[in-house]
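By convention in this document, chain letters (A, B, ...) are assigned in the order of the sequence lines, proteins followed by strands, and residues within each chain are numbered from 1.
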Amino acid sequence: MPELPEVEIVRRGLNQFTLHQEITGGDVLLNRTIAHPISVDQFIPHLTGSAIATWHRRGKYLLAELTPSPQTHWLGVHLRMTGQLLWLHQDQPLQKHTRLRLYFQHQQELRFVDQRTFGKIWYVPPHLPVETIITGLAKLALDPFSPLFTLEYLAHQLQKSRRLIKTALLDQSIVAGLGNIYADEALFKSRILPTTPCADLQSQQIESLRTAIIEVLSASIAAGGTTFSNFLNVTGINGNYGNDAWVYNRASQPCRVCGNLIERIKLAGRSSHFCSHCQK
DNA sequence: CTCGGTTCCTGGCCGC
DNA sequence: TGCGGCCAGGAACCGA
């Protein structure tokens, strides 16, 4: 599932291919993909004639800064479970789950393909803060790559939660960008059991967790994102990270550190993978 | 206010 | 081989 590293890989690809080219039109194939404006008919006309100055990422959200305009306007994208943004020629045959097509000059196209239809796309008009339209941004925590993502910050974020650490890590208002894969991986690297209540974590463990989060995300970005799920970068290429996952999706397989069998349990409806020998 | 459960959706997989 | 049902999960929403 696209988590921070996959979204970052997509962002880099978008910045490589889509900038400073006029949007000439488009086609909405599934209305509910467009989260804003409410009237889908207005979506394509709002974008037509603009170009993308740059793509930003906040947590798992992608934000395209649109020009020209006296005031900036924005295009927002969340891939959710199965969303893919592909840069291709308009002649390329439509994928079965194509939800949105944005046409660019020279017959190029930015295509949104999303099997399970949870993905969302927003248009944010000028004069409005993006948070007022893309409401998920309003309660988003710091990005782990922010210089402000310190031990003090993470400790403070976890202090206010009475939940188990695994559940807290999936909450985007505590840390932005983690999903089920990298939450399990970061907990393994920091040797913390997913069932540990946040309040029981020692300062040393929180620092270890903070470091592990940054390392796990960095390693995946360096590998081009995960092999899991149907993640593709904008040119349609899968990543390489899944092959060296420590625990994710490895239930009943030997721990890569101690050989104990990896266990799998359900926490708040999500599967959690861990080694009960390495993690305490 | 906090938090867990449910929901959205499709396709892969398991067991009979 | 065919098919029913379960499972995967990000985040909004609902209700305790």
Query raised in the report: Over how many whole Å does the gap from Gln115(A) atom CD to dG10(C) atom P extend?
Result: 15 Å

Query - Protein-nucleotide distance (Ile174(A), atom CD1; dA11(C), atom P), rounded to Å - result: 13 Å

Requested in this report: Give a yes/no on whether any side-chain N or O of Lys266(A) is located under 4.0 angstrom from OP1 or OP2 of dC7(C).
Outcome: no

Report summary line: To the nearest 0.5 Å, atom NE2 of His56(A) lies from atom CH2 of Trp74(A) at 4.0 Å

Query raised in the report: With a 4.0 Å cut-off on heavy atoms, is Lys60(A) in touch with a base, just the backbone sugar-phosphate, or nothing at all?
Result: sugar-phosphate

Report task. Can you establish whether the number of heavy atoms outside His89(A) located under 6.0 Å from its atom NE2 is more than 12? Result -> yes

Could you give the side-chain donor-acceptor pairs of residues 38-49 of chain A under 3.5 Å, partners two or more places apart or in another chain?
| residue | atom | partner | partner atom | Å |
| --- | --- | --- | --- | --- |
| His46(A) | ND1 | Gln42(A) | O | 2.9 |
| Thr48(A) | OG1 | Ile44(A) | O | 2.8 |

Report task. Would you check if Phe118(A) stacks with the base of dA11(C), given a 5.5 Å centroid limit and a 30° plane limit, both strict? Result -> no

Requested in this report: Just call it for Ser271(A): base, sugar-phosphate, or nothing, with non-hydrogen atoms closer than 4.0 Å on any strand.
Outcome: sugar-phosphate

Requested in this report: Could you state the atom-to-atom distance from NZ of Lys120(A) to C1' of dA11(C) in whole Å?
Outcome: 11 Å

Report task. Mind checking Gly136(A) for me? I need base, sugar-phosphate or nothing, with any heavy atom below 4.0 Å counting as a touch. Result -> sugar-phosphate

Report summary line: Outer limits of DNA chain B sitting under 4.0 Å from a non-hydrogen atom of chain A, read 5' to 3', are dC3(B) to dG11(B)

Query - Electrostatic pair Arg163(A)-Asp171(A), nearest N-O below 4.0 angstrom - result: yes

Requested in this report: Give Arg80(A) one of three labels, base, sugar-phosphate or nothing, depending on what nucleic acid heavy atoms sit under 4.0 Å from its own.
Outcome: base

Query raised in the report: Within the pair His78(A) and dA11(C), is there a side-chain N or O less than 4.0 Å away from OP1 or OP2?
Result: yes

Query raised in the report: Around atom CD of Gln105(A), are there more than 12 heavy atoms of other residues, nucleotides or ligands at under 6.0 Å?
Result: yes

Requested in this report: State whether a side-chain donor-acceptor pair under 3.5 Å links Glu65(A) with Thr54(A).
Outcome: no

Report task. Side-chain contact test, heavy atoms from C-beta onward, threshold under 4.5 Å: evaluate it for Leu187(A) versus Glu185(A) and give yes or no. Result -> no

**Report entry** Side-chain donor-acceptor pair present, Ser272(A), Lys166(A), cut-off under 3.5 Å
**Finding:** yes

Requested in this report: Would you mind reading off the distance between Glu131(A) atom CD and dA12(C) atom C1', rounded to a whole angstrom?
Outcome: 18 Å

Query raised in the report: Within a reach of under 6.0 Å around NZ of Lys160(A), are more than 12 heavy atoms found that belong to other residues, nucleotides or ligands?
Result: yes

Requested in this report: Identify, residue by residue, the members of residues 164-172 of chain A with a heavy atom below 4.0 Å from DNA chain C, and return them in order of residue number, or none.
Outcome: Gln172(A)

Report summary line: DNA chain B nearest-nucleotide lookup for Arg270(A) and Ser161(A): closer to the 5′ end is Ser161(A)

